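Since the structure is predicted, the reported quantities are computational estimates derived from the model, not experimental observations. Here is how names work: the chains are called A, B, and so on, in the same order as the sequence lines, proteins then strands, and each is numbered from 1.
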Protein chains: 2
Amino acid sequence: MTETTDPGRLGPEHRELLGQVLDKWSLEVLDRLCERPRRFNELRRAIPAVTQKSLTATLRRLERNGMVEREIVSTRPVGVEYRMTPLGKTLQGLIDALLEWSATRLPEVNRARDRFDDAEREAEQGSVSR
Amino acid sequence: MTETTDPGRLGPEHRELLGQVLDKWSLEVLDRLCERPRRFNELRRAIPAVTQKSLTATLRRLERNGMVEREIVSTRPVGVEYRMTPLGKTLQGLIDALLEWSATRLPEVNRARDRFDDAEREAEQGSVSR
DNA sequence: CAGAATCCCTCTGGATACTG
DNA sequence: CAGTATCCAGAGGGATTCTG
């Protein structure tokens with residue numbers, strides 16, 4: 001290592017970017033849109049827990065960051081379709097990996113949480129704080 | 001099972017888990033701890049923007065989720081060392097990929113943001129809303 | 001050194017109602 | 001259908017002060 005100059009160094013811009021892309025609903029929205037383009041209410045139904053307001057905000061943010069595209073479809077009641085941009089598609093592998101990781105590791109994490117919470121409760125009863 | 005049954009379907013637990021692991025400071029903390037174990041103030045210095053409170057909260061959360069371990073080192077003023085657990089290390093590849101993605105794609109994202117913001121400003125001036 | 005405890009304030013996000 | 005507009009409560013996070 002010829003002087004790695006501290007490789008972990010990330011600027012605030014990177015934190016912000018990842019924050020916008022990885023927030024509460026973005027992952028699921030992106031995951032859905034990776035499958036195929038979707039309309040607004042289609043997305044809502046696909047992600048029942050999201051509110052209309054949050055979904056709108058999420059989509060706007062993703063659109064602003066160049067991850068998704070919005071197209072107005074001149075059908076009868078008028079529809080709006082969202083689809084991944086080429087830039088957004090560069091995320092697909094990462095998204096898949098994240099979702100898969102969370103799916104496979106959740107049991108272990110739950111056990112870890114139980115252990116932690118138990119130890120904490122003990123500590124409260126006994127005298128050992130932190 | 002060949003029968004993917006709507007592959008994107010993630011439960012609230014997965015959302016929550018990823019939320020805890022991918023939040024504002026976790027990524028950077030984990031990235032640092034992947035390099036080597038670190039002490040508390042060492043981490044603070046490595047991530048100047050984080051406050052003591054947020055760092056404490058982040059570490060506690062990561063510890064609770066089984067991602068990092070905390071060990072009290074009986075040196076003179078007493079030290080506390082944080083290190084990745086085996087479970088936490090399963091994240092390393094993902095973290096690297098995310099940080100690299102954000103580093104390489106940031107310029108494109110910035111251009112997309114500029115385009116978006118310009119279009120928005122135009123729309124405000126003209127009559128075309130959304 | 002490594003936090004815990006407080007105060008305080010912003011910002012997110014839910015619920016609800018309305019519109020082109 | 002696909003949003004916008006309000007209202008509002010609650011969590012998150014910063015700054016500061018104190019401690020074993």
Side-chain angles (χ1 to χ4, degrees), chain A residues 12 15-16 18-29 32-33 37-64 68-83 116 119-120 123-124 126-130, chain B residues 12 15-16 18-29 32-33 37-64 68-83 120 123-124 126-130:
Chain A
R15 240 196 322 276
E16 192 219 359
L18 289 172
Q20 306 229 334
V21 168
L22 302 178
D23 75 29
K24 192 171 183 185
W25 302 110
S26 296
L27 271 181
E28 258 179 274
V29 169
R32 296 312 188 140
L33 292 181
R38 306 240 187 194
R39 303 240 306 250
F40 187 84
N41 280 338
E42 200 182 347
L43 277 172
R44 279 195 75 171
R45 282 188 298 273
I47 312 173
V50 74
T51 64
Q52 167 274 318
K53 181 185 175 182
S54 298
L55 182 56
T56 302
T58 299
L59 286 168
R60 290 274 245 175
R61 186 167 35 232
L62 292 176
E63 190 193 356
R64 178 168 184 267
V68 310
E69 252 170 10
R70 192 180 110 115
E71 185 191 355
I72 297 175
V73 187
S74 303
T75 52
R76 248 217 298 72
V78 161
V80 176
E81 208 176 67
Y82 293 91
R83 63 165 52 80
F116 185 90
E120 217 180 24
E124 276 169 28
S127 56
V128 187
S129 69
R130 280 210 142 211
Chain B
R15 240 196 321 278
E16 192 218 359
L18 288 172
Q20 305 229 335
V21 169
L22 301 178
D23 75 28
K24 194 173 183 185
W25 302 111
S26 296
L27 270 181
E28 260 180 274
V29 169
R32 296 314 188 137
L33 292 181
R38 305 236 188 196
R39 303 241 305 256
F40 187 83
N41 280 340
E42 199 182 347
L43 277 171
R44 277 194 77 172
R45 281 189 299 274
I47 312 172
V50 74
T51 65
Q52 170 270 317
K53 181 184 175 182
S54 298
L55 181 56
T56 301
T58 299
L59 286 168
R60 290 274 245 177
R61 186 166 35 231
L62 292 176
E63 190 192 356
R64 176 168 185 267
V68 310
E69 252 169 10
R70 193 182 110 114
E71 186 192 353
I72 297 176
V73 186
S74 302
T75 51
R76 247 220 296 72
V78 161
V80 177
E81 208 175 69
Y82 292 92
R83 63 165 51 81
E120 217 180 25
E124 277 169 26
S127 57
V128 186
S129 70
R130 280 208 142 213

Checklist entry - Has A/Arg60 got a side-chain N or O lying under 4.0 Å from the OP1 or OP2 atom of D/dT4? => result yes

Next on the checklist: Tell me every residue that passes side-chain hydrogen bond (donor to acceptor under 3.5 Å, both in side chains) with A/Gln20, counting only those two or more places apart in sequence or in another chain.
Outcome noted: A/Asn65

Checklist entry - Is there a side-chain polar atom (N or O) of B/Arg39 under 4.0 Å from OP1 or OP2 of C/dC1? => result no

Next on the checklist: Five pairs per end, C1' atoms only: what is the angle between the end axes of the helix from C/dC1-D/dG20 to C/dG20-D/dC1, to 10 degrees?
Outcome noted: 60°

Checklist entry - Between B/Arg70 and C/dG3, does any side-chain N or O lie under 4.0 Å from OP1 or OP2? => result yes

Item to check | Listed partners of B/Arg39 passing salt bridge (Lys or Arg N to Asp or Glu O under 4.0 Å), at least two apart | outcome: none

Item to check | For atom CD of A/Glu71 and atom P of D/dG3, their distance in whole Å | outcome: 13 Å

Item to check | Separation of D/dT4 C1' from A/Phe40 CZ (nearest whole Å) | outcome: 11 Å

Next on the checklist: Given 3.5 Å as the limit, does a donor-acceptor pair link the side chain of B/Ser54 with the main chain of B/Val50, or not?
Outcome noted: no

Item to check | Exam field: side chain B/Ser26 to backbone B/Leu22, donor-acceptor pair closer than 3.5 Å | outcome: no

Item to check | Whole angstrom value for the distance that separates C1' of C/dG3 from CD of B/Glu81 | outcome: 17 Å

Next on the checklist: Any carboxylate oxygen within less than 4.0 angstrom of a Lys/Arg side-chain nitrogen, looking at B/Arg83 and B/Glu81?
Outcome noted: yes

Item to check | side-chain hydrogen bond (donor to acceptor under 3.5 Å, both in side chains) partners for B/Glu69, two or more places apart | outcome: none

Item to check | Separation of atom CZ in A/Arg38 from atom C1' in D/dA2, rounded to whole Å | outcome: 17 Å

Item to check | Residues that B/Ala57 engages under side chain to side chain contact (heavy atoms under 4.5 Å, CB included), provided they are two or more places apart | outcome: none

Next on the checklist: Quick test of your reading: applying salt bridge (Lys or Arg N to Asp or Glu O under 4.0 Å), list the pairs with at least one residue in residues 42-55 of chain A, sequence neighbours left out, ordered by first then second residue.
Outcome noted: A/Arg36-A/Glu42, A/Arg38-A/Glu42

Checklist entry - Starting at CZ of A/Arg44 and ending at P of D/dG3, how long is that distance when rounded to a whole Å? => result 11 Å

Item to check | For atom CD1 of B/Ile72 and atom C1' of C/dG3, their distance in whole Å | outcome: 11 Å

Checklist entry - D/dG13 P sits how many Å from A/Glu16 CD, rounded? => result 15 Å

Checklist entry - Of all the choices, C/dC1, D/dA2, D/dC1, which nucleotide is nearest to the side chain of A/Val80 once you look at every atom? => result D/dA2

Next on the checklist: In this structure, how many angstroms lie between the P atom of D/dG13 and the CD atom of B/Glu28, rounded?
Outcome noted: 14 Å

Checklist entry - Is B/Tyr82 near enough to C/dG3 that one of its side-chain N or O atoms lies under 4.0 angstrom from OP1 or OP2? => result yes

Checklist outcome for this item: In B/S/- notation (B base, S sugar-phosphate only, - none; protein heavy atoms under 4.0 Å), nucleotides 13-20 of chain C written 5' to 3' is BBB-----

Checklist entry - Under a 4.5 Å cut-off applied to non-hydrogen side-chain atoms, are A/Leu55 and A/Trp25 in contact? => result no

